[in-house]
Amino acid sequence: MSETLIFIPARSGSKRIKNKNIRKVNGKPLIYWTIEYAKKYVKNSEDIIVSSDSNYIHKISIQEKVRFFKRPKNISGDKAEVYFAVIHALNKIKNSKKYKYIALLQPTSPIRPKNMIFNGIKTLEKNKNFQ
């Protein structure tokens with residue numbers, strides 16, 4: 001069993017900021033910074049999944065050598081819950097890897113504490129109510 005799957009949901013539509021997940025921040029698309037953060041946490045980029053309905057985000061995922069799952073339209077709209085995108089990804093990998101934890105990283109929050117995932121898992125492991 002692998003320890004942690006990092007899941008990055010990045011749908012293309014946004015009501016307030018058009019194409020926000022691919023807007024340039026410091027010369028790179030916003031989602032790039034979340035992928036880079038995830039790569040620092042895992043040893044194997046197979047443990048990172050980007051889920052999106054965007055062909056451009058697919059291209060970025062390929063360039064960054066992380067797994068990409070094309071999200072169906074019925075779970076890509078502005079009212080779609082991210083829960084369904086996670087279930088979609090887990091169903092795609094159900095016969096390969098099993099994970100103990102899933103860390104969900106929103107691309108719209110690229111500034112994160114250095115050990116956020118590690119510290120979160122440590123907290124879960126200490127608290128018997130989460131096991």
Side-chain angles (χ1 to χ4, degrees):
M1 177 183 290
S2 295
E3 204 50 24
T4 306
L5 169 68
I6 298 180
F7 183 80
I8 304 170
R11 62 184 191 85
S12 61
S14 175
K15 284 185 171 182
R16 291 173 280 175
I17 302 171
K18 188 173 173 74
N19 297 318
K20 69 181 171 191
N21 289 321
I22 57 175
R23 283 268 175 112
K24 300 278 180 162
V25 174
N26 205 19
K28 300 282 185 182
L30 187 60
I31 191 168
Y32 166 87
W33 301 108
T34 297
I35 292 170
E36 287 304 301
Y37 181 90
K39 284 180 177 179
K40 291 176 185 172
Y41 182 78
V42 298
K43 293 178 185 167
N44 184 352
S45 64
E46 282 285 307
D47 295 331
I48 302 168
I49 294 176
V50 173
S51 169
S52 182
D53 57 336
S54 165
N55 292 330
Y56 189 70
I57 291 173
H58 181 206
K59 182 180 169 185
I60 293 167
S61 300
I62 290 169
Q63 288 171 344
E64 295 306 315
K65 298 177 175 67
V66 296
R67 284 200 289 183
F68 175 87
F69 290 151
K70 183 79 167 182
R71 198 181 315 173
K73 287 195 183 297
N74 66 324
I75 58 171
S76 297
D78 58 330
K79 296 195 191 251
E81 296 179 35
V82 73
Y83 165 82
F84 294 109
V86 172
I87 296 302
H88 175 257
L90 291 176
N91 284 333
K92 287 207 168 266
I93 63 170
K94 71 179 173 185
N95 293 326
S96 57
K97 281 189 159 184
K98 304 284 184 215
Y99 293 94
K100 189 172 182 180
Y101 302 105
I102 299 172
L104 190 142
L105 300 179
Q106 295 284 5
T108 53
S109 303
I111 301 171
R112 299 174 177 91
K114 184 178 179 184
N115 292 319
M116 182 187 72
I117 296 171
F118 176 78
N119 290 336
I121 289 171
K122 206 162 119 178
T123 300
L124 288 173
E125 289 175 342
K126 282 183 184 176
N127 190 330
K128 294 195 187 302
N129 291 329
F130 291 112
Q131 295 179 6

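Position 1 is the first residue of the sequence; numbering continues from there. We use all heavy atoms of the structure for the numbers below, so side chains are in, but hydrogens, waters and symmetry mates are not.
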Exercise for review: Dump the intermediate steps for side chain to side chain contact (heavy atoms under 4.5 Å, CB included) on Lys98 and Ile93, then the final yes or no.
Suggested key: CA-CA 8 Å; Lys98 304 284 184 215; Ile93 63 170; over 6 Å; no
Heavy-atom side-chain contact between [X] and [Y] under 4.5 Å:
X	Y	answer
Tyr41	Thr4	yes
Ile57	Val50	yes
Phe7	Ser51	yes
Lys20	Thr108	yes
Lys126	Ile121	no
Ile8	Leu104	no
Ile49	Ile6	no
Lys100	Leu5	no

Check your understanding: Looking at Ser54 and Ser52, what are the two nearest heavy atoms and their distance?
Key ->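 Closest approach of Ser54 to Ser52: N-OG, 3.0 Å.
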Check your understanding: Are Ile62 and Val42 connected, step by step, through hydrophobic side chains (Ile, Leu, Val, Met, Phe, Trp, Tyr) whose heavy atoms are closer than 4.5 Å?
Key ->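 Not linked; separate clusters.
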Atom [atom1] of [X] and atom [atom2] of [Y]: how far apart are they, to the nearest 0.5 Å?
X	Y	atom1	atom2	value
Gln106	Asn21	CD	CG	8.5 Å
Lys97	Tyr99	NZ	OH	4.0 Å
Asn127	Lys122	CG	NZ	14.5 Å
Tyr37	Ile111	OH	CD1	12.0 Å
Glu81	Ile75	CD	CD1	11.5 Å
Lys39	Lys65	NZ	NZ	7.0 Å

Exercise for review: Indicate whether the side chain of Arg112 and that of Thr34 have a donor and an acceptor atom separated by less than 3.5 Å.
Suggested key: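 Arg112 vs Thr34: donor-acceptor pair found between side chains.
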Review point. Looking only at side chains, do Arg71 and Ser76 share a donor and an acceptor under 3.5 Å apart?
Key: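 No donor-acceptor contact under 3.5 Å links the two side chains.
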**Study point:** Aromatic ring pairing Phe69/His88, orientation class (parallel under 30°, perpendicular over 60°, tilted between)
**Key:**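 Plane angle over 60°, so perpendicular.
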Review point. In the hydrophobic clustering (ILVMFWY, side-chain contacts below 4.5 Å, transitive), which residues join Tyr32, or is it alone?
Key: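 Once heavy-atom contacts under 4.5 Å are chained together, Tyr32 belongs with Val25, Leu30, Trp33.
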Practice item. Please say whether more than 12 non-hydrogen atoms of neighbouring residues, nucleotides or ligands are located less than 6.0 Å from NZ in Lys70. Key: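 Check passes, neighbour count above 12.
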Check your understanding: What's the verdict on side chain to side chain contact (heavy atoms under 4.5 Å, CB included) for Lys59 and Phe68, showing C-alpha distance, side-chain angles and the deciding distance?
Key -> CA-CA 9 Å; Lys59 182 180 169 185; Phe68 175 87; over 6 Å; no
Exercise for review: Determine, step by step, whether Met116 and Leu105 satisfy the side chain to side chain contact (heavy atoms under 4.5 Å, CB included) criterion, reporting the C-alpha distance in whole Å, the side-chain angles of both residues, the deciding distance to 0.1 Å, and the verdict.
Suggested key: CA-CA 10 Å; Met116 182 187 72; Leu105 300 179; 3.6 Å; yes
Exercise for review: Show the numbers, then the answer: is there a side chain to side chain contact (heavy atoms under 4.5 Å, CB included) between Glu36 and Glu64?
Suggested key: CA-CA 8 Å; Glu36 287 304 301; Glu64 295 306 315; 2.9 Å; yes
